[in-house]
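Below, each value reflects all heavy atoms present in this structure, side chains not excepted, and no hydrogens, waters or symmetry copies. In this chain, numbering begins with 1 at the start of the sequence shown.
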Amino acid sequence: MELRRRALAALQASDIPEKVTLAGAVWSEFATFSISTGDMPEPAGLPGRPSLPPLVSPSSVPMRSPFTTDGRAALIHAICHIEFNAINLALDAIWRFPGLPEGYYRDWAQVAGEEAQHFTLLHELLQTLGHRYGDFPAHDGLWEMCEKTKNDIVARMALVPRTLEARGLDATPLIQARLRKVGAPDALAACGILDVILRDEIGHVAIGNRWYRWLCQQRGLDPATHHVQVGAKHSAPRLKPPFNESARRAAGFSEEEMRWLLEG
């Protein structure tokens with residue numbers, strides 16, 4: 001079986017259990033796949049997703065207190081939505097870009113499988129609170145950046161894993177601190193899941209860093225300068241503190257990059 005076609009089939013799936021299963025198989029069965037080098041036409045309707053949640057602008061997503069059960073459900077739903085998008089982002093990185101080393105596809109297959117696990121853990125917890133994925137509005141910022149960078153793999157590596165997904169490294173400890181103040185069993189369970197997600201996401205951002213630098217080296221680009229250029233070209237959000245400095249360093253951000261972040 002061919003890996004990139006299998007990843008595309010998973011990306012096209014709109015049924016949640018089907019997508020999770022197919023994404024997991026992209027990783028668990030990776031050793032059985034061949035990897036084609038040819039271009040593949042983009043089908044309509046990417047990514048496949050259920051009719052809910054309704055997608056609204058980021059400013060229209062309501063803020064809710066984690067000190068209420070519904071507020072915690074909304075918070076867990078928001079993280080669940082991020083992980084659902086992250087499955088799609090990893091699958092898109094596999095099928096869309098041909099002719100890369102096998103290690104590139106292995107790395108992103110692993111990311112797809114782990115993001116599917118994250119989504120499953122969060123969705124199971126959400127259901128204990130009487131809700132399911134789709135019950136709250138969400139925004140589409142992650143996939144919008146995926147669309148902007150679909151014709152430029154260097155920009156994709158720069159702006160999805162290294163910029164948007166790396167924000168999760170900064171945000172997760174802050175979310176955990178709020179949930180620990182709540183102290184409810186579901187809040188503490190969410191903290192435990194976020195421990196798993198943070199550990200894995202350090203690895204995912206490291207993968208983005210590794211392939212971004214490899215691509216820059218192949219093309220004679222300065223990684224720091226090019227990151228700023230593509231960020232401006234695609235209107236990437238300006239990152240603001242606080243930053244999880246230890247997690248970012250563990251994910252492979254250089255001291256030069258850390259200084260750029262910290263000095264604003």
Side-chain angles (χ1 to χ4, degrees), residues 1-13 16 18-33 35 46-49 79-123 141-147 149-150 152-172 193-215 244 247-248 250-253:
M1 300 204 313
E2 203 284 307
L3 173 71
R4 292 174 56 229
R5 293 190 184 280
R6 188 68 176 270
L8 180 56
L11 181 61
Q12 289 177 290
I16 292 173
E18 181 186 12
K19 184 182 291 288
V20 168
T21 298
L22 291 174
V26 164
W27 172 230
S28 65
E29 300 174 18
F30 179 83
T32 69
F33 293 121
I35 303 173
L46 294 183
R49 51 186 161 198
I79 306 169
C80 207
H81 180 66
I82 291 170
E83 298 301 318
F84 184 84
N85 271 283
I87 298 170
N88 288 332
L89 294 172
L91 294 169
D92 195 81
I94 295 168
W95 89 264
R96 187 175 292 279
F97 302 109
L100 293 159
E102 180 180 331
Y104 169 90
Y105 299 106
R106 183 186 302 109
D107 281 347
W108 288 108
Q110 178 180 347
V111 173
E114 290 177 349
E115 302 292 16
Q117 293 171 0
H118 299 167
F119 175 86
T120 299
L121 290 170
L122 290 164
H123 197 208
L142 275 172
W143 186 258
E144 287 172 359
M145 185 59 75
C146 191
E147 280 288 324
T149 58
K150 68 181 183 180
D152 184 348
I153 188 175
V154 186
R156 171 69 63 85
M157 294 296 112
L159 301 181
V160 174
R162 282 171 42 90
T163 300
L164 297 184
E165 292 187 281
R167 283 304 279 161
L169 306 184
D170 307 323
T172 297
I193 295 170
L194 288 172
D195 281 336
V196 174
I197 291 174
L198 179 58
R199 178 200 68 203
D200 290 347
E201 292 297 338
I202 289 172
H204 299 175
V205 175
I207 286 169
N209 272 321
R210 177 161 61 251
W211 290 107
Y212 173 69
R213 293 194 180 109
W214 183 86
L215 288 160
N244 187 341
R248 281 180 172 269
F253 284 96

Rounded to the nearest 0.5 Å, what separates atom CD in E83 from atom CZ in F119? 9.5 Å
Return the set of residues passing ring-ring contact (aromatic ring centres under 6.0 Å, His included) with W143 (not counting sequence neighbours), or none when no residue passes. none
Can any side-chain N or O of R6 pair as donor or acceptor with the backbone N or O of M1 at less than 3.5 Å? no
Any donor-acceptor pair under 3.5 Å from K19 side chain to G48 backbone: yes
Close side-chain approach of D170 to R248, heavy-atom, < 4.5 Å: yes
Yes or no on side chain to side chain contact (heavy atoms under 4.5 Å, CB included) for Y104 and I94, after CA distance, side-chain angles and deciding distance? CA-CA 8 Å; Y104 169 90; I94 295 168; 5.7 Å; no
Any donor-acceptor pair under 3.5 Å from T32 side chain to E29 backbone: yes
How many angstroms lie between atom CG of L22 and atom CD of Q12, to the nearest 0.5 angstrom? 10.5 Å
Would you find a donor on one side and an acceptor on the other, under 3.5 Å apart, between the side chain of T172 and the backbone of L194? no
Backbone N or O of A251 within a donor-acceptor pair of the N209 side chain at under 3.5 Å? yes
Could you label the plane-to-plane angle of the F30 and W27 rings as parallel, tilted or perpendicular, counting under 30° as parallel and over 60° as perpendicular? tilted
With a 4.0 Å cut-off, would you call R106 and E102 a salt bridge? yes
Inter-residue atom distance H81.NE2 - L142.CG, 0.5 Å rounding: 7.5 Å
So, H204 and E115: side-chain donor and acceptor under 3.5 Å apart, yes or no? yes
Does any pair with a residue in residues 198-210 pass salt bridge (Lys or Arg N to Asp or Glu O under 4.0 Å), and if so which ones, sequence neighbours excluded? D107-R210
For the backbone of L3 and the side chain of Y105, can you confirm whether one donor and one acceptor N or O come within less than 3.5 Å of each other? no
Here the pair of heavy atoms bringing L169 nearest to N244 is O-ND2, 2.9 Å
